[in-house]
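A quick write-up on the structure given underneath.
What you see is a predicted model; the values in this text were computed from it and never measured. The sequence lines fix the lettering, A, B, ..., with proteins before strands; numbering per chain opens at 1. We use all heavy atoms of the structure for the numbers below, so side chains are in, but hydrogens, waters and symmetry mates are not.
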Amino acid sequence: MSRYDPATIEPKWQAAWDKALTFKASDDKTRPKYYVLSMFPYPSGRIHIGHVRNYTMSDVIARYKLASGHNVLHPMGFDAFGMPAENAAMANGGHPKDWTYTNIGDMVEQMKPMGWSFDWSRMFATCDPEYYGQQQALFLDMLEAGLIYRKNAMVNWDPVDMTVLANEQVENGRGWRSGALVERKELTQWFFRISDFSDELLEGLDGLDDWPAKVKLMQANWIGRSRGLQFAFSTVDAPDGFDRIDVYTTRPDTLLGASFVGISPDHPLARVLERDNAEVAAFVADCRRMGTSEEELEKAEKKGLDTGITVRHPFDTSVELPVYIANFILMDYGTGAIFGCPGHDARDHEFAIKYGLPIVESFEPVEGGIDIAAEPFVPQKSEKVRYTRLIAGAEIQTGEEAVDAAVAFCEANGVGQGVTKYRLRDWGLSRQRYWGCPIPVVHCDSCGTVPEAKENLPIELPYDITMDKPGNPLDRHPTWRDCACPSCGAPAVRETDTMDTFVDSSWYYARFTAPRATTPTDLAEADYWMTVDQYVGGIEHAILHLLYSRFFARAMIQTGHLPATSAEPFKALFTQGMVTHAIYQTTSDEGRPVYHYPETVTLKDGNGYLDDGTEVQITPSAKMSKSKNNVVDPVVIVDQYGADTARWFVLSDSPPERDVEWTASGAEAANRHLARVWRTVSEIAQADVPATAEDDALARETHKAIRDVTLGIESFGFNAAIARLYAFTNALTKSRAGTAVKRDAARALAQLMSPMTPHLAEEMWQMLGGDGLIANAPWPVADEAMLVEDSVTLPIQVNGKRRAELTVPADMLKDEIEKLVLAHPAVERALNGAAPKKLIVVPGRIVNVVA
RNA sequence: GCGGGCGUGGUGGAACGGUAGACACAAGCGACUUAAAAUCGCUAGGGCAUGGCCCGUGCGGGUUCGAUUCCCGCCGCCCGCACCA
């Protein structure tokens, strides 16, 4: 008899699906739609096992929804602009475009054998002129709608990648890709007005019931809404135009504890002072030199310089507070100026001690007893405290109550107003790189900055460039850069900055609904397909990509490219865990770590040995890394075991949101199991056994499996669904039921496995004489009548501990059960002749005797 | 520092407040075989006086007839943010 042979059956069924256009999204808009999307990959040239897990998850959903009668859209494309292509070109002398398209071809070739149900007819790469040309059209519409503007600003400069970065792309003061320490630089840049949407983006999170709470929380923190008071101090002896200094505070209740005012080195007043004060100029220059990395900030001393200017306290004009320029005040938060309250702020306390400023108490613990001079008193705002210098409200109140009362009092007395501020800054989109979407504007001597005319789109990247010199090749490409002004026709120059690659991925989900449209979207298509019903991707995009996409959906509604109903582009979000692998390490004579490939290590009783017997040190469940030699290559796995085994394994063993460790033994076991299923089914297909007494039991088992696996898939409990399929397979294999019932059970098994192991499932379906492709077969529905048991086994507890069990007819009355329970020897023994205090019978579940 | 999450056998993990450890890995024993591989079967939380009993879901308390699950306080690990006024 033949064996389970994935190398034969997998290409066969892939060809069958292709031929039948099984996974092409239908134009039939009468069917309910389901849009499932996996985050598209960067075309590095190799798919990795993490992609396999990610795409298998969306594939399970897609195939399940297709079988459940939905018109499914499950597209795939490539996030194809970005630095790696330029780096490769610089290192190896090729062209970023050639490198990228070659990689895309290679990756598609590696993806197809996995059997994912992508609608490949909709595929695009963001570096296709057809895509980025529409992105340029979108840019022009957003520019016209006032959603994009240009300004001179301090920006994050990555000296290695030689480009500007958005705030979201700076991690611990380093570039998110290069890891280089980010510098501050002043440049004229294009910005998206994402901060105008701060409130909406924050409020919108509340409606995202099917997003992980963690992601919503991270976004909420990033947006960072705070409520406070903005008011002005009037100055004494300040330069012209600075008779007031605006400050923002979230603690107006401590205003009477103010002992100084601090301004940012970038504050307009500091800038005026540095012009004719050498001391100020030196100090400010020193501040700007300071890095922004975590370590540096941690170590950096809080430094200030007394400007000699003073301000009057708004509630007691006889009090004058000194104005310091301080290195820890950020110009781009609040007003770039604060009042210092050393009594109730750790940082201000440190500053006050250093410069000998007074420390004034505003409140104390209700029970008293605090030495504000020694240590600042900074309780939670929700805690009740006793105010010793009260602005408004009760003497004893919480910080929150006091802040509200203080804001109201200040407003009533004409001292400032309550305002809401956000931490979220506008998104700088200009990048000084070649391999990105050109920003479609030109600079004309007479007209200024002019949007390119839409009929000139796409503004295509020139191919004839060289990457051998640092910097942006567009800057030194005269025939591309020089152009005619779209407004007056005079000679002008193109903008040579390109767009941040996060722009490309901020609207690709919308483009997939009409990937060949000659406008960014086709509203009718977008109206039918949007929003994405299920999005699957990594948690690492919790802020960047997911926040930008939410902004873009809103911007596209404003510019008429999406229907108003799709402000939230992703209805449900699932963040999958990684696939990890053990690291095997020895130490060289020089003391350096040496990493060994898994195939060179033999495992025995949990220890690993090299061929020569040397024991290796094992780090379990580590992130895969080429330098640690612990990468699993999907291509190798497919050659060895077939795609179905790889798909089955990455879904089993761990909940999908958690990491799963790839082990050779686990993959082998998965493969063995699939071979066992194949064998069992091929036997059943050829058997001819008449009905037996076990028929009913197997039929019931089948319907229970249908119920449990369906529930598992719907709730993303893939590991639990697979565990259930193991159990069902074992039951089927061991059952002595007749062939007719066994065939029904095997057909159900094939269908329940089909989202995970689609090729094997088609093969099983064919062996069992199923109709057409299993991919199109309607999903089985559990028969309620078959789920009802005739008899139930009730555990009997005494005082909450299980002592016995009792099998009774399912419809037995409580009274009867109670009688049987009390007569049970184990219960009699436990009660020892005494009457039970209480008897709890939960029908169909459990009995508890309270002795 | 602030915010969030997680602690269950040798391992990954399962368990609407209702029989803790499903399912799988690793391990051990056995069958088949000249042998090995493959396959199949069995054992398996810990302990003990083993037809039975005791302990057990990080630790300590609480709510409940009943807690891995809910509440409070610790301990440990992981993640996010962080001079944000």
Side-chain angles (χ1 to χ4, degrees), chain A residues 3 171-172 212-222 224 226 228-230 247-251 254 262 264 290 292 294 296-298 300 302 326-330 332-341 345-348 350-351 378 380 421-423 539-540 542-543 580 603-606 620-621 649 652-655 658-661 663-670 672-673 675-676 679 708 717 719-730 733-734 793-805 826 829 836-842 844-851:
Chain A
R3 295 177 23 232
E171 295 168 352
N172 291 333
K214 182 186 172 71
V215 173
K216 289 191 277 187
L217 187 73
M218 282 167 71
Q219 290 211 0
N221 289 342
W222 187 264
S226 68
L229 179 76
Q230 186 161 328
V247 301
Y248 171 69
T249 177
T250 56
R251 290 308 297 258
T254 66
S264 165
M290 189 180 72
T292 48
E294 189 181 18
E296 282 179 73
L297 289 175
E298 204 74 4
K302 311 233 168 327
N327 63 349
F328 56 84
I329 300 171
L330 307 173
D332 54 5
Y333 190 82
T335 60
I338 63 160
F339 78 80
C341 179
D345 182 281
R347 187 194 55 206
D348 294 349
E350 191 187 322
F351 193 83
V378 191
Q380 296 278 311
K421 296 257 184 218
Y422 300 89
R423 209 182 73 123
I539 185 83
E540 67 273 18
I543 293 172
T580 60
L603 296 175
K604 177 82 183 135
D605 295 342
S621 207
F649 181 79
S652 64
D653 286 356
S654 278
R658 237 183 273 180
D659 292 351
V660 65
E661 180 165 8
T663 61
S665 56
E668 271 162 32
R672 262 201 313 275
H673 176 73
R676 194 157 46 228
R679 210 163 44 238
D708 294 349
N719 58 324
I722 284 183
R724 193 66 187 76
L725 284 167
Y726 270 108
F728 180 45
T729 306
N730 291 342
T733 307
K734 285 178 186 153
T793 300
L794 299 176
I796 302 173
Q797 294 183 335
V798 178
N799 293 331
K801 279 185 182 160
R802 185 184 164 279
R803 285 296 128 124
E805 53 181 41
R829 196 163 51 233
K837 286 205 189 100
K838 205 171 174 184
L839 195 55
I840 291 131
V841 179
V842 185
R845 284 228 161 258
I846 203 166
V847 181
N848 193 9
V849 182
V850 185

Sugar-phosphate, base or nothing in reach of Lys216(A), heavy atoms under 4.0 Å: nothing
For atom CZ of Arg3(A) and atom C1' of A38(B), their distance in whole Å: 9 Å
Assigned glycosidic conformation for G9(B) [threshold 90° from 0]: syn
Flag, side chain of Ser264(A) to backbone of Leu330(A), donor-acceptor distance under 3.5 Å: no
Distance between C1' atoms of U57(B) and G52(B) (Å, rounded): 25 Å
Distance, rounded to the nearest Å, where Ile539(A) contributes CD1 and G5(B) contributes P: 13 Å
From CA spacing to verdict: side chain to side chain contact (heavy atoms under 4.5 Å, CB included), Phe649(A), Thr663(A): CA-CA 9 Å; Phe649(A) 181 79; Thr663(A) 61; 4.2 Å; yes
Side chain to side chain contact (heavy atoms under 4.5 Å, CB included) assessment of Ile846(A) paired with Glu805(A): CA-CA 9 Å; Ile846(A) 203 166; Glu805(A) 53 181 41; over 6 Å; no
Distance test, side-chain N/O of Arg676(A) to OP1/OP2 of C40(B), below 4.0 Å: yes
Steps toward side chain to side chain contact (heavy atoms under 4.5 Å, CB included) verdict (Val849(A), Gln797(A)): CA-CA 6 Å; Val849(A) 182; Gln797(A) 294 183 335; over 6 Å; no
Rounded distance in Å - CD (Gln219(A)) to P (C81(B)): 12 Å
Sugar-phosphate, base or nothing in reach of Glu661(A), heavy atoms under 4.0 Å: nothing
Atom pair distance, as rounded to whole Å: CD1 in Ile840(A) and C1' in G17(B): 13 Å
Minimum-distance nucleotide (side-chain atoms of Trp222(A) versus C81(B), C23(B), C25(B)): C81(B)
hbond_proxy Asn848(A) side chain to C65(B) base (donor-acceptor, 3.5 Å cutoff): yes
Integer angstrom distance from the C1' of C48(B) to that of G4(B): 44 Å
Whole-angstrom distance between C75(B) and C16(B), as gauged at atom C1': 31 Å
Aromatic ring pairing Tyr726(A)/His673(A), orientation class (parallel under 30°, perpendicular over 60°, tilted between): tilted
Whole-Å distance separating the CD1 atom of Ile722(A) from the P atom of C23(B): 15 Å
Backbone N/O of Thr580(A) and side chain of Ser621(A): donor-acceptor pair under 3.5 Å: no
Nearest listed nucleotide, side chain of Pro795(A), among U19(B), C65(B), G4(B): U19(B)
Spacing of the C1' atoms in G45(B) and G21(B) (rounded, Å): 8 Å
Watson-Crick or G-U stems involving RNA chain B, each at least 3 pairs long, distances under 3.5 Å, ordered by first number: B:1-7 with B:75-81, B:10-12 with B:23-25, B:27-31 with B:39-43, B:45-48 with B:52-55, B:58-62 with B:70-74
Sugar-phosphate, base or nothing in reach of Ile329(A), heavy atoms under 4.0 Å: base
Minimum-distance nucleotide (side-chain atoms of Ala669(A) versus C25(B), U19(B), C23(B)): C25(B)
From G12(B), U39(B), U19(B), nucleotide with atom closest to Glu805(A) side chain: U19(B)
Check: Arg803(A) and Arg829(A) side chains under 4.5 Å, non-hydrogen atoms: no
Arg829(A) side chain, from C-beta outward: closest of G52(B), U19(B), G18(B): G52(B)
Comparing Asp348(A) and Gly800(A) on RNA chain B - which has the more 5′ nearest nucleotide: Gly800(A)
Side chain of Arg672(A) (C-beta onward), nearest among U39(B), C84(B), G4(B): U39(B)
Nucleotide nearest Lys801(A) when distance is taken to its side chain, options A82(B), A85(B), C55(B): C55(B)
Side-chain donor or acceptor of Asn848(A) paired with backbone N/O of Gly800(A) under 3.5 Å: yes
Test log, rule side-chain hydrogen bond (donor to acceptor under 3.5 Å, both in side chains), inputs Tyr248(A) and Ser226(A): CA-CA 11 Å; Tyr248(A) 171 69; Ser226(A) 68; 2.8 Å; yes
A85(B) phosphate, OP1 or OP2, under 4.0 Å from Tyr333(A) side-chain N/O: yes
Spacing of the P atoms in G76(B) and A85(B) (rounded, Å): 29 Å
Touch class at under 4.0 angstrom, heavy-atom based, for Ser652(A) against every strand present: nothing
For Thr729(A), side chain to side chain donor-acceptor pair (under 3.5 Å) partners two or more places apart: none
Sugar-phosphate only, base, or nothing, as touched by Val842(A) at under 4.0 Å among non-hydrogen atoms: base
Nucleotide of A24(B), C40(B), A14(B) approaching Arg658(A) most closely (side-chain heavy atoms): A14(B)
Sugar-phosphate, base or nothing in reach of Asn719(A), heavy atoms under 4.0 Å: sugar-phosphate
Pairwise C1' distance, G62(B) and C25(B) [rounded to whole Å]: 39 Å
P-based separation of G60(B) from G9(B) [nearest Å]: 15 Å
A36(B) and A20(B), which share atom name C1', separated by this distance in whole Å: 41 Å
Touch class at under 4.0 angstrom, heavy-atom based, for Pro620(A) against every strand present: nothing
Distance in angstrom units between Arg423(A) CZ and A82(B) P, rounded: 5 Å
Under-4.0 Å side-chain N/O to phosphate OP1/OP2 contact, Arg803(A) with C54(B): yes
Sugar-phosphate only, base, or nothing, as touched by Ser654(A) at under 4.0 Å among non-hydrogen atoms: sugar-phosphate
Residue Ala723(A), side-chain heavy atoms: nucleotide from C23(B), G12(B), C65(B) that is nearest: C23(B)
Integer-rounded Å distance: C78(B) P and Lys214(A) NZ: 13 Å
Under 3.5 Å: donor-acceptor pair, side chain of Asp348(A), backbone of Gly340(A): no
Side-chain N,O (Asn221(A)) to OP1/OP2 (A82(B)) below 4.0 Å: no
Interatomic distance, Asp345(A) CG vs C83(B) C1' [rounded to whole Å]: 10 Å
Options G66(B), A24(B), A85(B), nucleotide nearest the side-chain atoms of Asp653(A): A24(B)
